[in-house]
Amino acid sequence: QSADWITTYRVQSLGRYESNPLVGQNPWVMLPIKAGSTVVTAWIMHRMAKAGHATAGKVLGYTIGAAATAVAIHNERFYRDRRAWRRQHG
């Protein structure tokens, strides 16, 4: 989640925008939402483990983490490509 936040912040510095309507364009609004979603995910995983579904909880956690990682990778690639284009074209 933190990598997604950092890379979104960097991409926004290039004039791009956040497409998630829940967080809007302010990165400081996005930060507590990301932190909250991490806490909620951990809580759900804990509850699932207590209910005897530890493996399903882990799969859920890994899936959410993988999705956030994929978004961060996309953002970082865009950021690097855009910076390289700006260097070449002024």
Side-chain angles (χ1 to χ4, degrees):
Q1 295 291 351
S2 60
D4 178 25
W5 181 79
I6 291 166
T7 57
T8 298
Y9 183 75
R10 287 174 63 171
V11 169
Q12 285 179 332
S13 72
L14 296 174
R16 299 296 291 194
Y17 62 92
E18 170 61 47
S19 59
N20 184 343
L22 293 176
V23 296
Q25 301 311 308
N26 186 342
W28 300 108
V29 170
M30 185 181 189
L31 188 60
I33 291 172
K34 290 290 185 182
S37 68
T38 301
V39 170
V40 168
T41 300
W43 179 78
I44 291 171
M45 290 172 61
H46 174 73
R47 296 290 296 174
M48 290 177 80
K50 282 180 69 175
H53 303 293
T55 302
K58 288 177 186 177
V59 168
L60 174 69
Y62 291 140
T63 302
I64 291 171
T69 301
V71 170
I73 289 169
H74 169 76
N75 288 346
E76 185 62 20
R77 284 183 179 159
F78 177 85
Y79 179 77
R80 289 181 182 193
D81 290 348
R82 187 66 160 186
R83 280 187 46 203
W85 186 88
R86 282 188 174 179
R87 278 192 216 117
Q88 290 176 351
H89 299 93

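Numbers here simply count residues along the sequence, with the first being 1.
- Under the 4.5 Å side-chain heavy-atom criterion for Ile, Leu, Val, Met, Phe, Trp and Tyr, I73 and V71 are members of distinct hydrophobic clusters.
- Residue pairs meeting the side chain to side chain donor-acceptor pair (under 3.5 Å) criterion with at least one partner in residues 25-41, sequence neighbours excluded, are Q1-K34, D4-K34.
- Between R86 and L14, the closest heavy-atom pair is NH2-O, 3.3 Å.
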Counting only pairs under 3.5 Å, give me each side-chain donor-acceptor contact of residues 43-60, with atom names and distances, residues two or more places apart or in other chains.
none

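- Considering only residues two or more places apart in sequence or on other chains, Y9 meets the ring pair (Phe, Tyr, Trp, His ring centres under 6.0 Å) condition with W5.
- Within the structure, ring pair (Phe, Tyr, Trp, His ring centres under 6.0 Å) pairs that include any residue of residues 65-90 comprise W85-H89 (at least two apart or interchain).
- Sorted by first and then second residue, the side chain to side chain donor-acceptor pair (under 3.5 Å) pairs involving residues 10-20 (not counting sequence neighbours) are R10-E76.
- Judged as a salt bridge (charged side-chain N to carboxylate O under 4.0 Å, His left out), not a single pair has a partner in residues 60-71 (not counting sequence neighbours).
- A salt bridge (charged side-chain N to carboxylate O under 4.0 Å, His left out) check over residues 59-71, counting only residues at least two apart or in different chains, returns nothing.
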